[in-house]
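Below you'll find the structure, written out as structure tokens, and then a few comments.
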Amino acid sequence: MATPSSARKGSPVSDSQPLVVHITGARPNFPKAAPVIAALGDYPVTQLLVHTGQHYDEKMSEVFFRQLGLPEPDVNLGVGSGAHGAQTAAIMVGLEELFADRRPDLVVVYGDVNSTVAAAVVAVKMGIPIAHVEAGLRSFDRRMPEEINRLLTDRISDLLLVTSVDAIAHLGHEGAPADSIHFVGNPMIDTLLRHLESLDTEGVAASVGLDTTQPYAVATLHRPGNVDDPADVAELVRAMHAVADQVKVVIPLHPRGRGRLEEAGFMDHDNLSVIDPLGYVEFLGLVKGAAAVVTDSGGVQEETTVMGVPCLTLRPNTERPVTITHGTNQLVQRDTLPGAIADVLAAGRQETWPVPPLWDGHAGPRIAAVLAAHLGLSTSHD
Ligand code: UD1
Ligand code: UDP
């Protein structure tokens, strides 16, 4: 099993500094962790960045470290893909060994992936405090593995760091102590706002063969509910081809569904371009200029809300209702998608749009302040 190569330091450095271990592993973890790690650098802590290896393709992992200024992981457990039990267990085995060796003062987990819940279960049983970034989101759909991961992680976390107001109510109803809940805003949006002005829409559009004088849509699809079952896939192909009948569509396709979509003839439409996953800045550059986005991603619902890009979420529910009430998002089904895209294309993009409270680019420092207070620290500048 992997061992830590080095410890990442906050400032100033001292042997007596508390050790904070950040757990990442899947694509959506990286843009959430980056602003927290950066902001925590202002405090006298030692930071250790763990990559579980849940995602491992260059475009699902390494590119984020390069583009987001994330430090190299100190530890990569290299667990790779597998069934839920096997993958979660492999992460737990690796982390148990690491935590026993390093005895962290705090473990920070992000989002709702298997790496998140695996780390939380190991930490709680070892008596190590846990901070959950993006706590309290609920789809109320237990068919989603992420919903199970959210429920379990929140139940055993000490610090519940919340991105939207609805999450506070969910946690309260589930009995979380009020003083464990901290409304800090959305670190994913910190990362977006940091890059927003420099995104090169024209350049990336040209590189994927788009003519930006014409409207285009971007799609991402990876949820088991859309891409795992061949019957769902067949319906999805029909729906997406009906979208492509109306507008050019570019799909940086997640590896999960690629084989099944290919077999179902997904790629056989002249107006639909399936490409490999894009790096973060390329992906958001493309989204920024899009007339519409079709997605089942969690993060993309949030990013489109802040960018004012109409978002059609191909799911029966969302754990991010704030992107509907305060954003550009709407839920669609496979049979309503073609009509919804027609409406969105006809309406065009709005000049102004609301943005959820505290999605302002400062969640990282707020989260760092909560973590530091828990550790009994003030900033290194005080
Ligand atoms: C995971 C998360 C999901 C999140 C998504 C973001 C869980 C349970 N699911 O889903 O919540 O929305 O990441 O992208 O944690 N694969 C590769 N290369 C990679 C990674 C995966 O080819 O670098 C393929 C493998 O065939 C693998 C499949 O994708 O079996 C699924 O990967 P996995 O990490 O198990 O789940 P995701 O569907 O990616
Ligand atoms: N993303 C990317 N390249 C892509 C697709 C997505 O960089 O080709 C980014 C995007 O910013 C998104 C994040 O990866 O918010 C995580 O997305 P994903 O859909 O994989 O995970 P989810 O948020 O659904 O858990």
Side-chain angles (χ1 to χ4, degrees), residues 23-34 51-68 78-88 90-91 109-119 134 137 139 143-150 152-153 163 186-189 191-192 195-196 199 204 208 218-228 250-260 274-288 293-307 309 311 313-315 318-320 323:
I23 307 297
T24 62
R27 178 165 72 178
N29 294 152
F30 308 130
K32 294 169 194 173
H51 189 321
T52 64
Q54 177 173 347
H55 286 174
Y56 43 86
D57 290 346
E58 200 270 336
K59 284 286 162 38
M60 298 294 289
S61 172
E62 205 184 309
V63 67
F64 291 86
F65 286 79
R66 267 201 322 277
Q67 295 188 343
L68 305 186
V79 298
S81 301
H84 282 270
Q87 185 180 61
T88 308
I91 299 168
V109 299
Y110 297 87
D112 56 15
V113 300
N114 283 348
S115 300
T116 312
V117 70
E134 203 183 85
L137 298 186
S139 66
R143 294 169 302 177
M144 291 183 75
E146 295 82 3
E147 184 74 354
I148 309 301
N149 294 346
R150 291 178 201 119
L152 297 179
T153 303
T163 55
N186 192 336
M188 187 84 152
I189 300 306
T191 300
L192 172 64
H195 290 89
L196 192 57
L199 296 174
V204 65
V208 300
V218 176
T220 78
L221 298 160
H222 72 274
R223 295 285 168 194
N226 280 325
V227 303
D228 278 12
V250 181
I251 310 182
L253 193 58
H254 189 287
R256 183 181 189 98
R258 194 172 184 116
R260 276 179 297 274
V274 176
I275 59 175
D276 285 340
L278 287 168
Y280 179 82
V281 297
E282 290 80 12
F283 177 72
L284 288 170
L286 214 51
V287 168
K288 189 179 177 186
V293 163
V294 178
T295 194
D296 55 15
S297 159
V300 176
Q301 294 173 61
E302 298 182 343
E303 292 156 342
T304 47
T305 273
V306 170
M307 289 193 278
V309 177
C311 181
T313 296
L314 197 46
R315 282 180 42 187
T318 178
E319 62 291 329
R320 292 165 163 88
T323 60

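Whatever order the structure lists ligands and atoms in, that order sets their numbers, starting from 1. Bear in mind that the values here come from a model prediction, so they are computed numbers and not experimental data. Positions are given from 1 along the sequence.
Between Arg150 and Asp112 there is a salt bridge, with a side-chain nitrogen of the basic residue lying less than 4.0 Å from a carboxylate oxygen of the acidic one. A salt bridge links Arg258 and Asp276; the closest N-O separation between the charged side-chain nitrogens and carboxylate oxygens is under 4.0 Å.
Taking all heavy atoms of Glu62, Arg223, Arg258, Gln54 into account, the minimum distance to atom 7 (C) of ligand 1 is reached by Gln54. If you check each of Arg27, Met60, His55, Arg256 against atom 39 (O) of ligand 1, the one with the closest non-hydrogen atom is His55. Looking at Glu146, His84, His254 and measuring to atom 3 (C) of ligand 1, the nearest heavy atom belongs to Glu146.
Although no hydrogens or angles enter the test, the distance criterion places no donor-acceptor pair under 3.5 Å between the side chain of Asp57 and the main chain of Lys59. Between the side chain of Glu147 and the backbone N or O of Arg143, no donor-acceptor pair lies under 3.5 Å. The backbone N or O of Val117 lies less than 3.5 Å from no partner atom in the side chain of Asn149, so there is not a single donor-acceptor pair. Checking side-chain atoms of Asn226 against main-chain N and O of Leu221 turns up no donor-acceptor pair under 3.5 Å.
At the top of the distance list for atom 12 (O) of ligand 1, counting protein heavy atoms only, stands His222 NE2, 2.8 Å. Of the protein's heavy atoms, Asn114 OD1, 3.2 Å lies nearest to atom 8 (C) of ligand 1. In terms of protein heavy atoms, atom 18 (N) of ligand 1 is closest to Asp57 OD2, 2.9 Å. The protein atom (non-hydrogen) at minimum distance from atom 22 (O) of ligand 1 is Pro255 CB, 3.3 Å. For atom 25 (C) of ligand 1, the nearest protein heavy atom (residue, atom name, distance) is Ser81 OG, 3.4 Å. When only non-hydrogen protein atoms are considered, atom 19 (C) of ligand 1 lies nearest to Tyr56 CZ, 3.5 Å. Scanning the protein for heavy atoms near atom 2 (C) of ligand 1, the closest one is Val113 CG1, 3.7 Å.
Evaluation of the side chain to side chain contact (heavy atoms under 4.5 Å, CB included) rule for Ala34 yields Leu68, Leu70, Thr191 as partners, not counting sequence neighbours. For Ser61, the side chain to side chain contact (heavy atoms under 4.5 Å, CB included) partners at least two apart in sequence or on another chain are Phe30, His51, Phe65. Listed by chain and number, the residues in a side chain to side chain contact (heavy atoms under 4.5 Å, CB included) with Val204 are Ser207, Glu282, Leu286 (sequence neighbours excluded).
Judged by distance alone, the side chains of Gln54 and Asn114 never bring a donor and an acceptor atom under 3.5 Å apart. Tyr56 and Ser81 are linked by a side-chain donor-acceptor pair at a separation below 3.5 angstrom, with hydrogens and angles left out of the test.
The immediate protein surroundings of ligand 2, defined as residues with any heavy atom under 4.0 Å of it, consist of Arg27, Pro28, Phe64, Met188, His222, Arg223, Pro252, Pro277, Leu278, Gly279, Tyr280, Phe283, Ser297, Gly298, Gly299, Val300, Glu303.
When every heavy atom of Arg27 is checked against every heavy atom of Pro277, the shortest pair comes out as NH1-CB, 3.8 Å.
Of all the heavy atoms of Pro28, the ones lying under 4.0 Å from any atom of ligand 1 belong exclusively to the side chain.
For ligand 1, the atoms closer than 4.0 angstrom to any heavy atom of Gln87 are 34 (O), 35 (O).
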